[in-house]
Amino acid sequence: MDQPVSRKRKKRRAALNVRNEAPIPACDTALWEQINQVNTKLTAYIQAIEQVALVSVTDKSGKIIYANEVFCEVSGYSQDELLGQNHRVLNSGHHPKAFFVNMWHEITHGRLWHEEICNRSKNGSLYWVDSTIVPLRNTDGQIDRYLSVRVDITANMEREGHLQKRLNARMCLFEMRREILQASQVGTLRNLILEKLVGAMQFSHLAVSSMLIDGKYYSSDTTMSPDTQHLPTLQGEIRSKHKVRGWIKVQYREPRPFLLPEEQDVIQSASEDFALWLERNETEEYVRYQANHDGLTQLPNRCHMKRILDRLIGERRHNIGRFAVLFIDLDHFKIINDSLGHETGDLLLKEVAKKLTSCVRKEDIVARQGGDEFIVLICNVNSYGDVETVAQKIVEQIKLPFTINNSVLYIGASIGIAMFPDDGETVDTLLRSSDLAMYEVKQAGRNSYQFFSSEMNRLVVEGHRMKVALHEALNRHEFELYFQPIMDHSSQRIVSMEVLLRWRRAGNELVSPGKFIPLAEESGLIIPIGAWVLRAACQQIESWRRQGIEVPRLTVNLSMKQLGTKQFVHDVITILRETGVRADCITLEVTESMLAENTTDVAQKLHQLSSLGFHIAVDDFGTGYSCMALLKNYPIDLLKIDQTFVRNICADKNDAAIVIAIIAMAHGLGMRVVAEGVETPEQLDFLSEKNCDFYQGYLFYKPQPASDIVNSLRRSDVFVSLR
Ligand SMILES: Nc1nc2c(ncn2[C@@H]2O[C@H](COP(=O)(O)OP(=O)(O)OP(=O)(O)O)[C@@H](O)[C@H]2O)c(=O)[nH]1
């Protein structure tokens with residue numbers, strides 16, 4: 001059985017020491033006997049050693065003066081070739097210089113040296129030997145030769161080495177792949193690969209890894225210059241999407257005659273894995289970018305901006321420091337689209353985005369909220385004055401002409417400003433506050449800026465509460481009808497009554513129509529409310545009729561939303577059927593703007609209604625388009641002159657001229673005219689002199705509930721029959 005290596009080594013050392021150091025005793029028979037025995041033993045040892053080991057002796061300088069047969073056999077050199085050669089002829093280059101420096105240091109100091117060495121044979125192949133070098137002294141005690149005994153361990157080393165290297169390589173790749181799966185930052189991953197590759201090399205202390213990616217050089221040893229082509233190099237190419245993006249290298253600091261294939265595999269795989277990661281990361285980055293940016297302007301989109309805003313709020317919540325949110329909406333942008341086309345509109349939006357970016361500092365953020373709306377975050381604000389300066393600059397800059405496709409375009413911007421934390425401490429409140437302020441700018445005429453105020457908020461909160469209550473108002477029977485008579489010019493009697501809606505909210509508070517009608521329009525509630533009004537008006541006609549009061553006609557206002565519903569005419573007919581009222585008992589009032597909005601659909605419906613017997617009136621005439629040409633396409637019976645003209649009719653020549661013109665033109669088109677808001681006898685005189693047909697106003701009657709007006713109606717002479 002084999003003895004353990006350490007015991008074998010001890011024995012060998014003991015034997016060599018005996019040979020080198022045993023003193024020669026004085027001659028006597030017993031002693032010679034002893035010497036012979038020792039000699040015999042030594043000879044046996046030497047013979048045995050010579051059989052299995054590579055034995056050589058060198059002089060002080062390392063020149064070989066003896067080499068046994070095994071030595072010749074393993075090294076591939078003949079004795080003649082070896083003798084006189086320096087031992088360096090066998091150097092494989094595998095070991096660093098320090099390895100041999102240490103060896104020489106030990107043996108020149110008379111110490112035995114024992115290591116595993118990789119040597120190179122004559123044919124270039126490598127072999128590993130377990131080497132023991134013993135310094136030999138001459139009779140003066142000086143070291144003058146070195147005895148080397150080496151055992152060939154190449155087979156073991158290869159087995160172990162291969163396994164170890166493969167294991168190392170696998171481990172390295174495994175770890176790198178794990179990191180690659182988790183890595184999110186290219187810088188971190190790059191450093192990690194460079195570090196791991198060095199660790200995976202057989203002489204890691206000599207290995208330097210480096211990477212060239214997209215023209216930039218990185219190295220695990222920043223002192224080593226990229227210009228090291230002469231050094232032993234393992235290299236892998238980083239290829240992504242069929243393009244060479246760079247390389248990964250591992251180089252040894254010293255020349256090495258051979259490099260292991262496993263190491264090359266590691267570099268190759270690392271390069272491929274890294275290239276895949278780059279591709280994946282770039283795809284993810286692209287997707288992330290697309291999700292966070294507006295495709296047209298490349299600015300952060302609404303979601304991204306909200307996240308930025310949220311982060312900013314988080315940062316500033318504990319630090320004192322204001323920032324401002326500017327809500328920017330372009331003025332009348334729709335006209336650009338409608339007149340010059342969507343593509344021109346798009347180009348203008350891109351130019352506006354650039355201009356906005358140029359108006360703010362790098363740390364500020366410009367985002368596209370959507371459509372023609374942009375958000376600007378001014379991140380560091382000392383005073384309102386700072387923000388005002390930026391807002392003013394934006395208004396001025398946007399006002400300047402834009403040249404798009406060789407055309408000069410003009411646009412304005414309305415800006416609402418909310419400050420953090422004063423006007424909101426959450427993303428939603430800041431956006432809402434700035435939006436409200438922007439809305440105020442629009443209301444005030446556009447092309448300017450406005451800071452948010454708590455009054456705006458109060459109005460919004462009130463509006464919201466009212467909207468909620470309005471939803472319930474129909475179910476709670478909170479609506480009432482008021483009636484205001486319309487008088488005949490010549491007879492001074494009632495020809496019709498305008499039906500006016502009133503909302504008596506819980507608590508008996510009467511809400512003015514000016515407050516709730518716009519909310520009902522906005523929420524769409526105007527459709528069921530409008531149907532209720534028509535039905536209630538018809539029911540009232542029937543109720544009066546049953547009481548013996550014949551009302552010639554009631555005038556009911558329509559909204560554009562109602563008229564816009566497909567089944568509007570059908571719904572009106574249904575109400576007439578249900579209540580038993582004839583169509584000619586009802587005048588339907590539309591506004592000028594309704595006629596201008598959707599001419600074909602509105603005209604069709606009004607013609608249908610007119611042919612059913614309804615009268616059609618145009619309310620508030622003169623305040624909108626005042627376009628007589630528009631009227632001729634519709635079956636209009638009555639024009640109602642807006643009260644704003646009537647109010648100053650005796651004092652303002654222009655108003656008087658307008659009223660005279662409207663009456664003349666209406667008569668020319670076969671229509672009759674109602675003057676609204678008649679309050680004084682002077683107004684009445686003026687109007688009757690100009691042949692106005694009918695009057696409505698406080699001079700005759702205020703709007704009254706059915707219960708109050710009924711007394712006036714009972715007088716038999718109040719009505720003029722129009723039939
Ligand atoms: N070209 C283009 N137009 C868009 C885009 N997104 C929205 N719009 C249009 O932008 C217009 C925005 O209209 P609004 O802001 O409501 O109206 P405006 O004409 O600007 O009027 P005010 O805001 O009241 O001054 C609409 O006509 C949209 O169709 C877009 O990506 N490209």
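Numbers here simply count residues along the sequence, with the first being 1. Order of appearance sets the numbers: ligands from 1, and atoms from 1 within every ligand.
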Identify all N/O pairs between ligand 1 and the protein with a separation under 3.5 Å and present them as a table of atom names and distances.
unit_1, atom_1, unit_2, atom_2, d
ligand 1, 1 (N), N337, OD1, 2.9
ligand 1, 1 (N), H342, O, 3.1
ligand 1, 1 (N), D346, N, 3.4
ligand 1, 1 (N), D346, OD1, 3.0
ligand 1, 3 (N), N337, ND2, 2.7
ligand 1, 15 (O), D372, OD1, 3.1
ligand 1, 15 (O), D372, OD2, 3.0
ligand 1, 19 (O), F333, N, 3.1
ligand 1, 19 (O), K334, N, 2.8
ligand 1, 20 (O), L330, O, 3.2
ligand 1, 20 (O), H332, N, 3.4
ligand 1, 20 (O), F333, N, 2.9
ligand 1, 20 (O), D372, OD2, 2.8
ligand 1, 21 (O), H332, N, 3.4
ligand 1, 23 (O), D329, OD1, 2.9
ligand 1, 23 (O), L330, O, 3.4
ligand 1, 23 (O), K442, NZ, 2.9
ligand 1, 24 (O), R446, NH2, 2.7
ligand 1, 25 (O), H332, N, 2.8
ligand 1, 25 (O), K442, NZ, 2.8
ligand 1, 25 (O), R446, NE, 2.8
ligand 1, 25 (O), R446, NH2, 3.4
ligand 1, 31 (O), R368, NH2, 2.9
ligand 1, 32 (N), D346, OD1, 2.6

- Item | Pairwise ring pair (Phe, Tyr, Trp, His ring centres under 6.0 Å) hits with a residue in residues 386-435, at least two apart | F323-F420
- Task: Walk me through it: do E396 and Q392 pass the test side-chain hydrogen bond (donor to acceptor under 3.5 Å, both in side chains)?
- Result: CA-CA 6 Å; E396 294 300 329; Q392 183 67 48; 2.8 Å; yes
- side chain to side chain contact (heavy atoms under 4.5 Å, CB included) against D338, all qualifying residues, sequence neighbours excluded: K334
- Message: Tell me whether the NZ or CZ atom of K566 lies within the 45° cone about the ring axis of F568 and under 6.0 Å from its centre.
- Response: no
- Write out all pairs satisfying salt bridge (Lys or Arg N to Asp or Glu O under 4.0 Å) with one or both partners inside residues 366-389, taking only residues at least two apart or from two chains. D294-R368
- Message: More than 12 heavy atoms of other residues, nucleotides or ligands under 6.0 Å from NZ of K653: yes or no?
- Response: no
